[in-house]
Amino acid sequence: MSASTATHCPYCALQCGMNLVPDVGGLLQVQPRKDFPTNKGGLCQKGWTATDLLGHPDRLTTPLVRAAKDGALRPASWDEALDRVAAGIQAAQAVYGRDAVGVFGGGGLTNEKAYWLGKFARVALRTPHIDYNGRFCMASEAVAGIKAFGIDRGLPFPLGDIPQSDAVLLIGGNPAETMPPIMQYFERQRENGGALIVADPRRTATAEQATLHLQLTPGTDTALANGLLHVAAADGLLDHAFIASRTTGWEDVRRIIASFWPDRVERITGVPTAQIVKAAHLLGEAATGMVLTARGAGQQSKGVDNTLAFINLALALGKAGRPHCGWGCITGQGNGQGGREHGQKADQLPGYRKIDNPEHRAHVANVWGVDPDSLPGPGRSAYELLDSLGQDGGVRALLVMASNLAVSAPRALHVEQRLRALDFLCVSDIFLSETALLADVVLPIAQWAEEGGTMTNLEGRVIHRKQAAPRPEGVWTDAQIVSALAARLGAGRYFPTDEPAVIFDELRRASAGGIADYSGITYDRIDSENGVFWPCPSPDHPGTPRMFQDRFAHPDGRAKFHPVHHRPSAEEPDDEYPLYLTTGRVMAQYQSGTQTRRVEALGRISPEAFVEIHPALARRFGIEDGDRVALTTRRGAIHVQARLTPNIRQDTLFVPFHWGGDACANRLTNPALDPSSKMPEFKVCAVRVEKA
Ligand code: SF4
């Protein structure tokens, strides 16, 4: 290993650049990279402590197998463990057919591993059932982006464009806590005289910094967007030239927003009329503007409609397809974007190709050297797949990579029961996560700094994460596992390598000509250019930092308006469950907490789950700050500490979702799905609170 390795943080989609430098004891120290254009020297506490996990005592370094269904996990050789996995797969397929095997991947996997896993499901297992936890992240924004613009890339512009935008509307995101280094762009935007409008049921750390905070009722995003557009239309703020020359479908939207007059929207959303009018004018009167949506709007059973409503707003104001303008999505997971571009999603093939499109199938099958007819069709989406586990006609044997479903899936107790009902479960992880504890076989894998690969950050910038440390003895990479399993299943010739660089070259060919075309991207280019933006269809192509400047990606080159109505959430408060529950992240923990809960410094900042309650609401229930309280929904109950704060609506509770067991927020959440993105309704359900 070289003295210092330029690489990236293992966690969120900002993928901050960092150098890993060995100290005198050989431990790797983190130094932020000032030269990397996204974080520019910034890191959050998670990034600073990321190397703490490399030598962690809980680290798995040998495969584990369970002798009998109710027996204990015991150490095993790799041969024994992989033979067990192959036997588990073959037994399920022999009895129930090929489709009885499923694969569940993760948004933390590198592009190479996501690609290899997707190919493994289609070529070695020949099952349609592969999906990933990125479905739980930004699936709604992906669908909305394709519908409106013809392409799905989180941000269609680099972060560096934000400071030049005169007004930014951010809906349902709290980056000041979840990815603090990004706030430097919003700070510069405000220093330049720009306005920042934040819509969120909580007065978050991000909302604190805003020019205007719209504290909407959970689940009312579409109504808010339609109300803002109503005011913009009534007050002459629309960009009619842009609508006429670069879009289609405005008339249908115009008819719908006509009924969203501000006092009606105030009744639905709880946002005062004056604030609705002010926000519409701040955005509408600005010469340049951006509309950014995040999980608050997307993780709902109407997440696609919510997102489309805000895209309508951006389009009608002419705030898209122009410099320092646009709609964008703040991605959460490290490789949520690349993870789906290369085949982990149930309906997608590499290069963002569609699995039910004959031409797309033929291209990918040709690269893979298989008959297109041998490729399965679309499979079940993430929650549908989990709900089918162990059921008639469902998946009987499941491989899980880089995902802790027992904590991160909605209706988590039910998902845990479904995992227990499987004939066979294999989990690969670096630690014995809540999901790994349920497995028949656990495979110990390498961590971020112990192997190389590429990730695609929230800007669509493909970055290179380099190996900086040797792998502990006994630990394999995910790609090694996939290739070894493929060999045991008689498909070894399709998986002749486990080298990330070789896999990436194949990925480039598989993506060539697709929407997410990586064929012109190489490791060398990424290293010398600080990342390359897709699409990049040839080695001499500069990459595409800014999309849609001349045309949108629909065949006619225009963006499409989509008329969307407000509708209630799948579950609204009632007498039995009188409050809204919403969930999210805190600064010092990440996702299901498998990694960050084991970092001592992060544990000191955020040691346990809590519920935010408004003091006036707490008084009604006799709850004081620090009390243990029970939260109950139709799906389960948890016990957490009460944290009283005036920063949350009086009808809403907030619980972070990083903990398992009796503090697992997802034991409460509602798996009602968006009809097109299949996104569960993580962000809104009805809840009851009592002093424990
Ligand atoms: Fe940067 Fe995100 Fe890592 Fe924090 S968690 S250092 S914001 S990449």
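All of these numbers come straight from a predicted model, not from anything done at the bench. When reading the values below, keep in mind they use all heavy atoms of this one structure, side chains included, and skip hydrogens, waters and symmetry mates. Atoms within a ligand are numbered from 1 in the order they appear, just like the ligands themselves.
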Testing the 3.5 Å rule here: is there a donor-acceptor pair between the side chains of Asp524 and Thr522?
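Distance-only check fails for Asp524 and Thr522.
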Whether [Y] and [X] form a salt bridge (side-chain N of Lys/Arg under 4.0 Å from carboxylate O of Asp/Glu) is what I want to check.
{"X": "Asp52", "Y": "Arg598", "result": "no"}
{"X": "Arg585", "Y": "Glu177", "result": "no"}
{"X": "Asp161", "Y": "Arg546", "result": "yes"}
{"X": "Asp35", "Y": "Arg33", "result": "yes"}
{"X": "Glu451", "Y": "Lys113", "result": "yes"}

With atom 3 (Fe) of ligand 1 as the centre, enumerate protein N/O/S atoms below 2.8 Å in chain and residue order.
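Those protein N, O or S atoms (cut-off: under 2.8 Å from atom 3 (Fe) of ligand 1) are Cys9 SG.
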